Undergrad: 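Dumping the structure here so I can ask a few things about it.
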Amino acid sequence: MKKTYLGYNSDDNIRKKSSSGGLFYELAISVLNQSGVIYGAGFNENFEVNHIRVTDKKQLKKLLCSKYVQSNMNNVYSMVANDLKEKHTVLFSGTPCQVYGLKTLLEKINISTEQLITVDFICHGVPSPKIWKSYLEYLGNNGEIAGVSFRHKNHGWHDFSFHIAYKNGKTKSVSHELDPYMRGFLSDKNIRPSCYQCPFKGKNYLSDITMGDAWKVEKDKPQWADDKGTSLFIVRTDKGQNLINSVSNSFLTLETDYEKWVAFNPSIVYATNKAAGRREFFEDFNSLSTQEFWGKYKKIPIKKSIKYRAKQMLKILHLEKLARRFA
Ligand SMILES: Cc1cc2nc3c(=O)[nH]c(=O)nc-3n(C[C@H](O)[C@H](O)[C@H](O)COP(=O)(O)OP(=O)(O)OC[C@H]3O[C@@H](n4cnc5c(N)ncnc54)[C@H](O)[C@@H]3O)c2cc1C
């Protein structure tokens, strides 16, 4: 590990379209400008999440923003191997385990990784695609959905929404604290069983750069806490540092202290604890109808509802930032 940074994109529009501070976009643009190839997670026409290959700026927007579903790799590892054999520069972005899988395979089949740059993220787990498919069905995905965002910033970076745009022009936006799919993710109930034993933590990341959200930025750098999204990232190799240096005109950075940020964002070093209600959640999923299941998990417990209203009140009174700083 070399250095830990905070940062954000100088273009507010890119920041708005990205989950955190918009680091990934700049890294990808830098690689595309060198005629490189980008791999990352995007939706297909049915809103399933797959890894795809991108070679131009127009397609790049498909990769922006977090998709809270395990991404299907299909034959992407072989495609990366072919690109490297043909001497393309490749930027591969995925979970720490996907980066591990790719690098292990390339080593086994003797492909040079000299022109491969890998970025992963601080990952607390990936949700089951089966649960996502069921939620889409519940929302009425019979071809009516035009777009989905798990991290819509219409109410700011902290109070992000789960947002759906329909083909008839209507939209639906629900705070992540109230949406049943997001609550399943953020309470760690719908993530894969292997995520609870994730070994790719601490010193075991194989990537060149690890990206994440600087959620406690108010405590370290209050003047950067503008609620538009701030990235936390760890540069692990010279290759990673060179790529970060190449975006210094469009991405503002500030070196910070790794240990302090591990305390703020423990998922950097610890795997997620198995959620207490996971078993019941999956038993319900397997026994109830789609409508019954989501109807049950849509209900907001009273305690949660009071907490959410209290936060909204702080927001109205413009005391939210102060509350986060001293929480
Ligand atoms: C499932 C998941 C869990 C996460 N958990 C945490 C966490 O606990 N703490 C934290 O600080 N940050 C977490 N992140 C990372 C964070 O949400 C941002 O993705 C990251 O900070 C990069 O943000 P950005 O603004 O630079 O770029 P963005 O434009 O937001 O990032 C897009 C990049 O993420 C990749 N990506 C999106 N969805 C997936 C997916 N399903 N599988 C693989 N790659 C994907 C895309 O390929 C693209 O490279 C998580 C991300 C995901 C997808």
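Just so we're clear, the structure is a prediction, and the values are computed from it rather than from any experiment. In each ligand, atom 1 is the first atom listed, and ligand 1 is the first ligand listed.
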Undergrad: Consider ligand 1: state whether an atom of it lies below 4.0 angstrom from any non-hydrogen atom of G125.
TA: yes
Undergrad: So, does R15 sit close enough to ligand 1 that a heavy atom of it is under 4.0 Å from the ligand?
TA: no
Undergrad: Near G94, which atoms of ligand 1 are under 4.0 Å from a heavy atom of that residue?
TA: 43 (C), 44 (N)
Undergrad: Would you check whether K17 reaches within less than 4.0 Å of ligand 1, judged by its heavy atoms?
TA: no
Undergrad: Would you call D208 and V235 a side-chain contact if the rule is heavy atoms closer than 4.5 Å?
TA: no
Undergrad: Would you say L63 and ligand 1 have an N/O pair spaced under 3.5 Å apart?
TA: no
Undergrad: Identify whether Y196 and Y68 are in the same connected component of the hydrophobic contact network (ILVMFWY, side-chain heavy atoms under 4.5 Å).
TA: yes
Undergrad: Could you say whether the N/O atoms of K67 and ligand 1 ever approach to under 3.5 Å?
TA: yes
Undergrad: Between S19 and ligand 1, which residue portion shows a heavy-atom distance shorter than 4.0 Å: side chain, backbone, both, or neither?
TA: both
Undergrad: Between F24 and ligand 1, find which residue part has any heavy-atom pair under 4.0 Å and reply side chain, backbone, both or neither.
TA: both
Undergrad: Are any of the heavy atoms in H51 under 4.0 Å away from ligand 1?
TA: yes
Undergrad: Looking at ligand 1, would Y25 count as a contact under a 4.0 Å heavy-atom criterion?
TA: no
Undergrad: Is there a nitrogen or oxygen of H124 sitting under 3.5 Å from a nitrogen or oxygen of ligand 1?
TA: yes
Undergrad: Does a side-chain heavy-atom distance below 4.5 Å link K167 with I145?
TA: no
Undergrad: Would you indicate which of N50, I122, T95 comes nearest to atom 13 (C) of ligand 1 when only heavy atoms are counted?
TA: I122
